Asker: 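Structure below; questions to follow.
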Amino acid sequence: MHKFNIVIFSGAGLSAESGIPTFRDSGGLWEQHRIEDVASPEGWKRDPLLVLNFYGMRFQKQKECQPNPAHLAIARLSERHSVVNITQNIDTLLERAGCTDVWHLHGRIDLQKCEEHHSLAFPSSYDSFTCDHRSRIDRPIALGDLCPKCGGQLRPDIVWFGEPVDMREAELERLVRNADVFIGVGTSAQVYPAAGMLSIFRNTPERYFVDPHPNYDVLQGFHVKQGSASVELPKIVAALLSE
Ligand code: APR
């Protein structure tokens, strides 16, 4: 039985049916909050409490949500094939569905780091932190929560607009070389460098994209499945598991 190398690149649409709001759909997060106020270093300096409340609300929200059939299908696929998830999402629904190799390009909602060391690149695996100024959270971060190492105010371990994204070039290079299948799911593909994944994997033999409103401008050569992740992804997974 051939073991495929599969890369799944996901955005907020993957978790939409779990109840986690997307950003740019109507009613999305960027309709309710200004990015510069809640997701930028300038906003953090101006009003850290507003930022902590924004991420505290998202932390509590994702705790109430469960993986949906799309997350579970990806976990099933990774039992048989080599699956790497490269996600823009900060929720941990893929991990809770049973996925192990998950790259969070924009960070994770359940991690905190101190503002003195926030520029440190993400650890290659969240279990072996590259620095001990990072830690898991089990409640929203509050003003006055200080780094035990250096006394800096703790902040969400999230990549804000204007901060560097760790694209893990060396590992990405290896993934591109070996990928048999690339699946894009639930992303408007508007935020770079993450959205560059669609062209980075443009030569992967089999490419799929799942979204109810696909951005066809960036999808040349993809098998586009217009629909929701929890309906369309299990179909793709079933086909890959039957090959
Ligand atoms: N199934 C699949 N896709 C869906 C579903 C669903 N049920 N519901 C919505 N979508 C699609 C939308 O059609 C859209 O293409 O999910 C995408 C959501 O797009 P955005 O809200 O822009 O989210 P995303 O692409 O993840 O944003 C990228 O922008 O603001 C930053 O850091 C933030 O990581 C985020 C990045």
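In this chain, residues are counted from 1 in sequence order. Order of appearance sets the numbers: ligands from 1, and atoms from 1 within every ligand. Quantities reported herein were computed from a predicted structural model and do not represent experimental measurements.
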Asker: Please check: side-chain N/O of Glu232 versus main-chain N/O of Lys225, any donor-acceptor pairing under 3.5 Å?
Answerer: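 Checked: no pair found.
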Asker: Can you list the ligand 1 atoms lying under 4.0 Å from a non-hydrogen atom of Gly186?
Answerer: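 Here the atoms of ligand 1 in question are 3 (N), 16 (O), 17 (C), 18 (C).
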Asker: Look at the aromatic rings of His223 and Tyr208 and report parallel, tilted or perpendicular, splitting at 30° and 60°.
Answerer: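 Rings of His223 and Tyr208: tilted, as their planes differ by 30° to 60°.
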Asker: Among all protein heavy atoms, pick out the one at the shortest distance from atom 1 (N) of ligand 1; state its residue, atom name and that distance to 0.1 Å.
Answerer: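 Ranked first by proximity to atom 1 (N) of ligand 1 is Ala229 N, 2.9 Å.
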Asker: Provide the number and element of each atom of ligand 1 under 4.0 Å from a heavy atom of Ala16.
Answerer: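 Within the 4.0 Å cut-off of Ala16, ligand 1 contributes 8 (N).
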Asker: Please confirm whether Gln190 comes under 4.0 Å of ligand 1, counting heavy atoms of the residue only.
Answerer: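 Distance cut 4.0 Å: Gln190 fails for ligand 1.
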Asker: Of all the non-hydrogen atoms in the protein, which one sits nearest to atom 26 (O) of ligand 1, and at what distance?
Answerer: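 Going atom by atom, the protein heavy atom closest to atom 26 (O) of ligand 1 ends up being Ala12 N, 2.8 Å.
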Asker: In terms of residue, atom name and distance, what is the protein heavy atom nearest to atom 32 (O) of ligand 1?
Answerer: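 So the nearest neighbour among protein heavy atoms is His106 ND1, 3.3 Å.
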Asker: List ligand 1 atoms under 4.0 Å from Gly11, heavy atoms only on the residue side.
Answerer: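 Near Gly11, the atoms of ligand 1 are 26 (O).
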Asker: Would you say Asp91 and Ser15 are linked by a side-chain donor-acceptor pair, where the criterion is simply a distance under 3.5 Å?
Answerer: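 Result is yes, a qualifying pair exists.
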Asker: Counting heavy atoms only, which of Val231, Val210, Asp211, Val165 is nearest atom 15 (O) of ligand 1?
Answerer: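 Result: the heavy atom closest to atom 15 (O) of ligand 1 is in Asp211.
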Asker: Strictly below 4.0 Å, N to O, side chains only: are Asp110 and Lys63 in salt-bridge contact?
Answerer: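 Judged by the 4.0 Å cut-off on N to carboxylate O distance, Asp110 and Lys63 do not form a salt bridge.
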Asker: Going by the atom numbers of ligand 1, which of them fall below 4.0 Å from some non-hydrogen atom of Glu17?
Answerer: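 Per the distance check, 1 (N), 6 (C), 7 (N).
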Asker: When only distance counts, is Val185 in polar contact with ligand 1, meaning an N/O pair under 3.5 Å?
Answerer: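 So ligand 1 has no N or O lying under 3.5 Å from an N or O of Val185.
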Asker: Can you find an N/O atom of Thr187 closer than 3.5 Å to an N/O atom of ligand 1?
Answerer: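 Between Thr187 and ligand 1, an N or O pair is found under 3.5 Å apart.
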Asker: As a check for students: among Trp30, Phe209, Tyr192, Trp160, identify the option with a heavy atom nearest to atom 30 (O) of ligand 1.
Answerer: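 Nearest heavy atom to atom 30 (O) of ligand 1 lies in Trp30.
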Asker: Between the candidates Gly227, Ala195, Ser10, Pro212, which shows the shortest non-hydrogen contact distance to atom 3 (N) of ligand 1?
Answerer: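 Checking each option, the heavy atom nearest atom 3 (N) of ligand 1 is found in Pro212.
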Asker: For ligand 1, which atoms sit closer than 4.0 Å to a heavy atom of Phe161?
Answerer: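 Those atoms are 30 (O), 31 (C).
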Asker: May I ask you to check whether Ser188 and His213 show a side-chain donor-acceptor distance below 3.5 Å?
Answerer: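 There is no such pair (donor and acceptor under 3.5 Å, judged by atom type) between the side chains of Ser188 and His213.
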Asker: Taking C-beta and beyond as the side chain, do Gln62 and Thr92 meet within less than 4.5 Å on heavy atoms?
Answerer: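 Result yes, sub-4.5 Å side-chain heavy-atom pair found.
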Asker: Do Glu171 and Trp103 come within less than 4.5 Å of each other through their side chains, counting heavy atoms only?
Answerer: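 Yes, side chains in contact.
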Asker: Quick one: are His81 and Asp180 in side-chain contact, heavy atoms under 4.5 Å?
Answerer: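 No, their side chains stay 4.5 Å or more apart.
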Asker: Let me know which of Lys113, Arg139, Arg155 forms a salt bridge (Lys or Arg N to Asp or Glu O under 4.0 Å) with Asp145.
Answerer: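 The option that passes is Arg139.
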Asker: Which atoms from ligand 1 have a heavy atom of Thr22 less than 4.0 Å away?
Answerer: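 Those qualifying, in numeric order: 21 (O).
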Asker: Report yes if the side chains of Met197 and Leu172 come closer than 4.5 Å at any heavy-atom pair, otherwise no.
Answerer: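 In short, these two side chains touch, coming nearer than 4.5 Å.
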Asker: Identify, for atom 10 (N) of ligand 1, the protein heavy atom at the shortest distance, and state residue, atom and that distance.
Answerer: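 Nearest neighbour among protein heavy atoms for atom 10 (N) of ligand 1, to 0.1 Å: Gly13 CA, 3.6 Å.
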Asker: Can you find an N/O atom of Gln88 closer than 3.5 Å to an N/O atom of ligand 1?
Answerer: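 Yes - when backbone and side-chain N and O of Gln88 are compared with those of ligand 1, one distance drops under 3.5 Å.
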Asker: Heavy-atom contacts with Asp25 under 4.0 Å: which atoms of ligand 1 show up? List them by number with element.
Answerer: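 Contacts of ligand 1 toward Asp25, numbered from 1: 9 (C), 12 (C), 13 (O).
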Asker: Counting only heavy atoms, which portion of Ser188 has something under 4.0 Å from ligand 1: side chain, backbone, both, or neither?
Answerer: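 Both of them.
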Asker: We want to know whether Gln112 and Tyr55 form a side-chain donor-acceptor pair, criterion being a heavy-atom distance below 3.5 angstrom.
Answerer: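 No.
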Asker: Could you check atom 35 (C) of ligand 1 against the protein and tell me its nearest heavy-atom contact, residue, atom and distance included?
Answerer: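 That would be Phe23 CE1, 3.5 Å.
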Asker: Backbone, side chain, both or neither: what part of Arg24 comes under 4.0 angstrom of ligand 1, heavy atoms only?
Answerer: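 Both the backbone and the side chain of Arg24 come within reach of ligand 1.
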Asker: Do Phe182 and Leu198 have side-chain heavy atoms sitting under 4.5 Å apart?
Answerer: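 In contact.
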